[in-house]
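The basis for the numbers below is simple: all heavy atoms, side chains too, and nothing from hydrogens, waters or symmetry mates.
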Amino acid sequence: MIQLDTSNFDQMEKDKAIELAKTLGAKWSLHFQDDKDWYKFKDIMKSEKLEKPINVGFDELFQNISKRVSYSPFSYTIEADIQSIYKTPKGTLICNLIANYEKNTPVLRVVLGKDIPSLTKEELENKRVEVEGELDLYRPSAQLQLKAKSINILGDCSRLVKIAEWEKEYEDILLSDEEAKKGLEDFYFSDVEPITDIGLIAGKKSNNGYKDFMKEINKFNEPDTNPKFLIYTPQDTPEGTMTAEYMAAAIKEFNEKANCQCICIVRGGGDPEQLIAFSNPLLLCAIDESKIPVITGVGHSDDKLLCKRVKSAYDAGTPTGAAKKLIDGIKKLQANKSQVKSNYFPKKTYNNKDSAYLAEWDAIIAEKDAKIRELEQEIERLKKKDIDGLWGLILSKLKR
């Protein structure tokens, strides 16, 4: 078989070559470069293999696709975030890559081959990487994958970089990591009246976070319990959506309506790219500005979310923890209504930048209190002296 490349011929030369080929009994044979969409010719191709549907079971579909797809291997070098990573029973590391925290679909599967220098799962988690490899097909699910030949860690993933920027920008309203670990021991309700109304921001009611929170609340809301919790949710709840914009608006709504004494924000764990909403400045500022105390119970206790570190709020770690802390505080408040403050649920009304000013006033007040105590002691001494002097005068007159 002789192949003639006519790509550089003009139209007249092509027509002449075709006529000459016909006289020689040539048959047509079409050749395309690998990057051309040859399947556009399907409408004029009469092959039964292309036109007749193949009847297969669902489990056989992906295997059939894998057998029918053929191509020359392409090599790529890409930069992306590692969304997740796991190790197969054989010890092979499999990464799922995304463009960045804002564009988390589509997901590309990457297989780290044996030729790559040993990197552990822990070293690659939450990193941004540069990967070079050949495009391949994962046969069981006909999923495109990249067989990596090399991988370089560029730094933290875009999500962690963004959270670090927010953390620095809003450090005035956030606890440090060390402070956050200690927790807020002085979180209290200043009102000694029964706390019955709770504003709940939890998104979809089928979410595990909502279920875990309500499971604990329902234990408290037994028939003989008085008072019971009344749960309020934001008026316009988009099903399943817990964006920073929505949560900030919900906090504002509760404050404007003043229909609850505490706001609880709860959500179960999940995709880190979705949980970034709980570090967004819109939510952080809304919590800090809320006149109503806020309790957060989001994700797992070890999730690094900035909403867990807002100074004026209390972090209970998880949805279940939020409900338990709330109930525990209410019970102790009910047991001692005479106290103005207990060690539960405070709403601080100032930021750290005001703490020096307040400390100065605390010192002035302490000094005034000390002087008052001195004056009170002097009054008591003078009273006693006057009484002793009066008795002495009476006795001297009786002796006469």
Problem - Hydrophobic cluster (4.5 angstrom, side-chain heavy atoms) - remaining members for Tyr86 - result: Ile94, Val111
Completion exercise
Tracing side-chain contacts under 4.5 Å among Ile, Leu, Val, Met, Phe, Trp and Tyr outward from Leu154 reaches none
How far does [atom1] of [X] sit from [atom2] of [Y], to the nearest 0.5 angstrom?
X      : Y      : atom1 : atom2 : value
Leu175 : Asp315 : CG    : CG    : 9.5 Å
Ile276 : Ile163 : CD1   : CD1   : 5.0 Å
Gln145 : Cys95  : CD    : SG    : 11.5 Å
Gln143 : Arg109 : CD    : CZ    : 6.0 Å
Leu124 : Ser84  : CG    : OG    : 12.0 Å
Glu253 : Ile251 : CD    : CD1   : 11.0 Å

If you compare all heavy atoms of [X] against all heavy atoms of [Y], which two are closest, and at what distance to 0.1 Å?
X      : Y      : value
Gly199 : Phe254 : CA-CZ, 3.6 Å
Gly133 : Leu146 : O-CD1, 3.7 Å
Thr318 : Gly299 : CG2-O, 3.7 Å
Ala80  : Ile98  : CB-O, 3.2 Å
Gly268 : Pro319 : N-CG, 4.2 Å
Ile295 : Cys262 : CD1-SG, 3.8 Å

Practice task
Find out whether the Lys NZ or Arg CZ of Arg267 is both under 6.0 angstrom from the six-membered ring centre of Phe278 and within 45° of the ring's axis.
Solution key: no
Exercise for the section: Check the surroundings of atom NZ in Lys324: do more than 12 heavy atoms from other residues, nucleotides or ligands lie under 6.0 Å from it? Expected result: no
Please determine whether residues [X] and [Y] belong to a single hydrophobic cluster, defined as Ile, Leu, Val, Met, Phe, Trp and Tyr linked transitively by side-chain heavy-atom distances below 4.5 Å.
X      : Y      : answer
Val131 : Leu112 : yes
Val129 : Val107 : no
Ile85  : Val110 : yes
Ile173 : Met247 : yes
Ile153 : Leu97  : yes

Expected output: side-chain [X] to main-chain [Y] donor-acceptor under 3.5 Å:
X      : Y      : answer
Ser279 : Leu306 : yes
Asp288 : Leu284 : no
Gln261 : Asp197 : yes
Asn96  : Gln83  : no
Lys308 : Gly317 : yes
Lys311 : Asp172 : yes

Kindly indicate whether the side chain of [X], heavy atoms from C-beta on, has any atom under 4.5 Å from the side chain of [Y].
X      : Y      : answer
Ile265 : Ile287 : yes
Tyr210 : Leu200 : yes
Asn255 : Glu289 : no
Ile78  : Leu108 : yes
Val266 : Val298 : no
Arg159 : Pro272 : yes

Completion exercise
Between Lys149 and the options Glu130, Glu132, Glu134, the salt bridge (Lys or Arg N to Asp or Glu O under 4.0 Å) test singles out Glu134
Practice task
Considering only NZ, NE, NH1 and NH2 on the basic side and carboxylate oxygens on the acidic side, decide whether Lys127 and Asp156 come within less than 4.0 Å.
Solution key: yes
Practice task
Give a yes or no on whether a salt bridge exists between Glu167 and Arg309, defined as a side-chain N under 4.0 angstrom from a carboxylate O.
Solution key: yes
Practice task
Given side-chain contact (heavy atoms from CB on, under 4.5 Å), test Tyr246 with Ile201 step by step and report yes or no.
Solution key: CA-CA 9 Å; Tyr246 160 64; Ile201 302 174; 4.2 Å; yes
Completion exercise
With Arg128 as partner, the option from Asp81, Asn100, Asn152 fulfilling side-chain hydrogen bond (donor to acceptor under 3.5 Å, both in side chains) is Asp81
Exercise for the section: Could you list the residues that satisfy salt bridge (Lys or Arg N to Asp or Glu O under 4.0 Å) with Lys252, not counting sequence neighbours? Expected result: none
